Amino acid sequence: AVLERLVVESGSTELARPVAKFVLRRLSLAPGERAPEVIDFRLLFSLTLLPKHEEWLWCHSGVTATMAGALRHLTNINSTGSNSNGGLNSLTGPSQTALDEARSLLMGALWNASMEAPPAREHTAMGQALLPLLMGGQDGSPTWPLLRQHDEAVIVRTATCLFHLCNGAPVNSLEQLRESFWEALELPRLNDDACSHLMQVGALVLDATQHHHGTDNPISTGGACRAITLLTSPQWASSRKPREAWQRSRAAEVLVLLRASICAGTAELLLDSGALRPDGSAYEALVPTGCQHGTGAAIRLAGHISIADGGRLRQRLASQVLDRLLNLVENVPHALRDDLVCVLHGLSREPSVAEASTWVKHIPSLITLAEWAAQKRRIQSLACALELLTAVVPRRADDREQAWLKANLHRLMGMLGTISCPHEVGQAAQELFSKLAD
């Protein structure tokens, strides 16, 4: 306890080095020696709150093996069920209170250690040693044992630690999670914080599967369809109410659905699922005032559906989100404009969508978007914007809008052949100008 106070109050990494050696020794006692106590885990947790882990933690040998041994011990040990008597070394067995505290402290320490940018070699070793223990399921034991606990701190810290272990981990180390991971999301005691971190892990697992097997492989598609089915099921929605208490999880849902949408054969399932209809997480993310990251993920999700199966589903997609996407045009953050132009351009390739009356009130904003692309020299976005305008503007724009657009096109075609107006842009500009003239 004195050491803990000294370390916390001094913040000294020089002091942390010998203290870390001391506590790692206590955590790695051989069978038959005295097992660690709660205070040992508290000291380890306090140490990991300090910065520069490479100077005082990773300089010792066997750190990962020691932490894995401690995790194995705390995962397998059973409590007496009491909440008051018996520490971890009690002859009658540890109390549930002591066990919960030790588990919470160890998971917090592992979370800090995995988050504090450990050396790549150590990060890989941590994943290889710790992920199987967190996953469980060996010899018929329950999967995800620490996520099944009653203590909220244990669950939240386990989920957060799992995310930091998986974030940046080699693809092959995440492959082992592919079969059992989705069971973790269905466990009943997850709160918003734990659930959101686990869904970010789910996105990483889908990504690893796609890299390992390819996006057209049935294994990748199967995992993606399982994720979509789970996150859009009535049971999932009813277990996460009121929605105001699950905001982080709602945002993370869109990230998982985006990753799933990359796989072949998922576009139609997404349209059927309700994710892009009112009350769906992706639909709700398509707002200019929402989280920019979530809005961007929802826009790219729509983009994947727009190009799926050669564009076969564009009309169905437009019926669900065209109004929502067009309402973004005027206020979308600059970082998302390229993606938004790309999606709207894809939808305008479908003649029945291009003829929809909903485009008309957004013509000024669409012209402004094209002006932005020209000014910023976003060549691909500018070409898409001009082709989009060609599909939806002629015979609909009023005289003022047509004059505004023609002036911009004159200026653009005057730069034909320069870096601001390469061939593909000039061709699109000339086609639009000729249609306006007609």
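For this chain, numbers begin at 1 and follow the sequence in order. These figures come from a predicted structure and were not determined experimentally. Computed from heavy atoms alone, side chains included, the values below leave out hydrogens, waters and symmetry copies.
Because its NZ or CZ atom is both nearer than 6.0 Å to the ring centre of W236 and within 45° of the ring axis, R240 counts as a cation-pi partner of that residue.
Between R148 and the choices T143, T158, I155, the side-chain contact (heavy atoms from CB on, under 4.5 Å) rule is met once, by T143.
A salt bridge links R316 and D272; the closest N-O separation between the charged side-chain nitrogens and carboxylate oxygens is under 4.0 Å. A salt bridge does not link D151 to R103: none of the charged nitrogens lies less than 4.0 Å from a carboxylate oxygen. Ion pairing between R189 and E152 fails under the 4.0 Å rule for side-chain N and carboxylate O.
Take W359 and apply the ring pair (Phe, Tyr, Trp, His ring centres under 6.0 Å) test, not counting sequence neighbours, and it matches no residue.
Counting heavy atoms from C-beta on, the side chains of E55 and L50 never come closer than 4.5 Å. A 4.5 Å side-chain heavy-atom check between M199 and L255 finds every atom pair outside the cut-off. The closest side-chain heavy-atom distance from N217 to T221 is not below 4.5 Å. Using a 4.5 Å heavy-atom threshold, the side chains of L147 and L134 count as separate. You'll find the side chain of V353 stays beyond 4.5 Å of the side chain of S348, heavy atoms only. The shortest distance between side-chain heavy atoms of L269 and C225 falls below 4.5 Å.
In this structure, the separation between OG on S281 and CZ on R243 is 9.5 Å, given to the nearest 0.5 Å.
Heavy atoms of other residues, nucleotides or ligands lying less than 6.0 angstrom from NE2 of H60 number more than 12.
Shortest non-hydrogen contact noted between A208 and L174 is CB-CB, 3.7 Å.
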Working for salt bridge (Lys or Arg N to Asp or Glu O under 4.0 Å), residues K52 and E116: CA-CA 8 Å; K52 301 179 180 178; E116 184 65 30; over 6 Å; no
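The list of side chain to side chain donor-acceptor pair (under 3.5 Å) pairs with a residue in residues 318-333, not counting sequence neighbours, reads D323-T358. Within the structure, every pair that satisfies the ring pair (Phe, Tyr, Trp, His ring centres under 6.0 Å) test and touches residues 165-205, not counting sequence neighbours, is listed here: F163-H197.
S104 places no side-chain N or O within 3.5 Å of a backbone atom of D100 that could act as its donor or acceptor partner.
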